[in-house]
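Naming: A, B, ... by sequence-line order, numbering from 1 per chain. Quantities reported herein were computed from a predicted structural model and do not represent experimental measurements.
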Protein chains: 2
Amino acid sequence: MNYSKQREIILKTLRENPIHPTADMLFALVRNELPNVSLATVYRNLNQLAEQGVIRKISALDDKVHFDHNLESHYHFICIKCKKVYDVPYDVAPDLAKALREHTGLEALAADVLFKGICNHCKH
Amino acid sequence: MNYSKQREIILKTLRENPIHPTADMLFALVRNELPNVSLATVYRNLNQLAEQGVIRKISALDDKVHFDHNLESHYHFICIKCKKVYDVPYDVAPDLAKALREHTGLEALAADVLFKGICNHCKH
DNA sequence: ATAAAATTGATAATGATTACTATTATTGAA
DNA sequence: TTCAATAATAGTAATCATTATCAATTTTAT
């Protein structure tokens with residue numbers, strides 16, 4: 001993987017944002033710094049970075065894929081009103097893979113948890 | 001919601017199948033009984049049934065939306081090789097909403113858990 | 001029986017994502 | 001540094017799951 005300015009700025013932009021942005025949200029942000037960047041470049045690099053394990057993809061809703069720079073084990077809460085995605089600490093549901101193994105014998109490589117509800121901000 | 005033969009057979013077909021089929025899988029199955037059924041009718045009815053709470057949509061698998069006739073609380077395991085979706089009993093991770101509330105104060109209306117790994121069948 | 005409302009099949013449209021391609025940038029060795 | 005090989009880019013076309021549209025048909029309530 002060669003260096004590219006675009007990839008550097010896409011990654012930097014993702015890391016600066018706690019909002020779990022989608023590809024098109026990042027496209028808009030990155031264009032502030034690189035006005036000629038292509039949407040295809042954003043998608044290409046996000047997929048490469050996810051494949052390398054530098055970032056994570058989260059399929060939060062039924063529609064767009066969101067990206068997460070936080071590699072630590074954690075879960076997500078999506079607000080069904082504003083669609084914002086919040087981090088949920090791992091401690092809320094630790095050792096799910098172990099529980100799965102003990103109950104079913106299945107070996108999980110990953111365990112994704114997605115809570116859905118209305119966030120505190122939207123309740124008011 | 002009026003009665004329709006198509007809806008009846010779509011629902012019956014989903015209930016007869018433990019495979020968490022997608023819309024196009026159901027389309028193929030339903031066409032055995034109703035050769036003139038339209039793909040749009042399958043989508044339309046699955047969405048209606050899900051909206052009524054008669055069936056459930058499961059997303060976040062891989063692009064396509066799968067449908068589940070099992071309304072009891074339970075989770076899913078997807079095999080990353082054969083893409084089959086298996087049910088995982090609720091007991092593997094009970095009371096996630098309560099744990100979320102106690103840790104974060106957030107109120108979850110739903111908690112989806114998706115395990116990813118290689119199923120026993122694909123291991124051989 | 002009949003009119004209003006719901007549903008259908010066929011197909012066009014949508015929207016997120018990926019593929020393609022000619023051009024440009026990066027790299028490592030001579 | 002120069003240069004050829006490789007990788008990445010911008011722009012755009014293509015893909016593919018899903019939705020929307022609409023005239024025709026079916027269901028339902030009166």
Q: Could you tell me how far apart A/N36 (CG) and D/dT9 (C1') are, to the nearest whole angstrom?
A: 11 Å

Q: Check the distance between D/dA17's P and B/H66's NE2 and give it to me in whole angstrom.
A: 11 Å

Q: In whole angstroms, how far is the C1' atom of C/dA6 from the CG atom of B/N2?
A: 5 Å

Q: Please tell me if B/S38 has a side-chain N or O lying less than 4.0 Å from either OP1 or OP2 of C/dA10.
A: no

Q: To the side chain of B/Y3, which of C/dT27, D/dT28, C/dG9 is closest?
A: D/dT28

Q: Would you say A/S4 reaches D/dT9's phosphate, i.e. side-chain N/O to OP1/OP2 under 4.0 Å?
A: yes

Q: With a non-hydrogen cut-off below 4.0 angstrom, is B/N45 in contact with a base, only sugar-phosphate, or nothing?
A: sugar-phosphate

Q: Answer yes or no: does a side-chain N or O of B/R44 lie under 4.0 Å from OP1 or OP2 of D/dT19?
A: no

Q: Any side-chain N or O of A/N47 less than 4.0 Å from the OP1 or OP2 oxygen of C/dT18?
A: yes

Q: Does the pair A/K12/A/E8 count as a salt bridge with the N-to-O cut at 4.0 Å?
A: no

Q: Below the 4.0 Å mark, does D/dT26 have OP1 or OP2 next to a side-chain nitrogen or oxygen of B/Q6?
A: no

Q: Without decimals, in angstroms, what is the distance between B/K5 NZ and C/dA6 C1'?
A: 18 Å

Q: When you measure from the side chain of B/R31 to the backbone N and O of B/L39, does any donor-acceptor pair fall under 3.5 Å?
A: no

Q: Starting from P on D/dC16, measure out to CG on B/D24 and report it in whole angstrom.
A: 12 Å

Q: Which is true for B/Y43 with a 4.0 Å heavy-atom rule: it touches a base, it touches only sugar-phosphate, or it touches nothing?
A: base

Q: Going by distance alone, is a donor N or O of one side chain under 3.5 Å from an acceptor N or O of the other, for B/H20 and B/D87?
A: yes

Q: Rounded to whole angstrom units, what separation is found between the CG atom of A/L34 and the P atom of C/dA25?
A: 13 Å

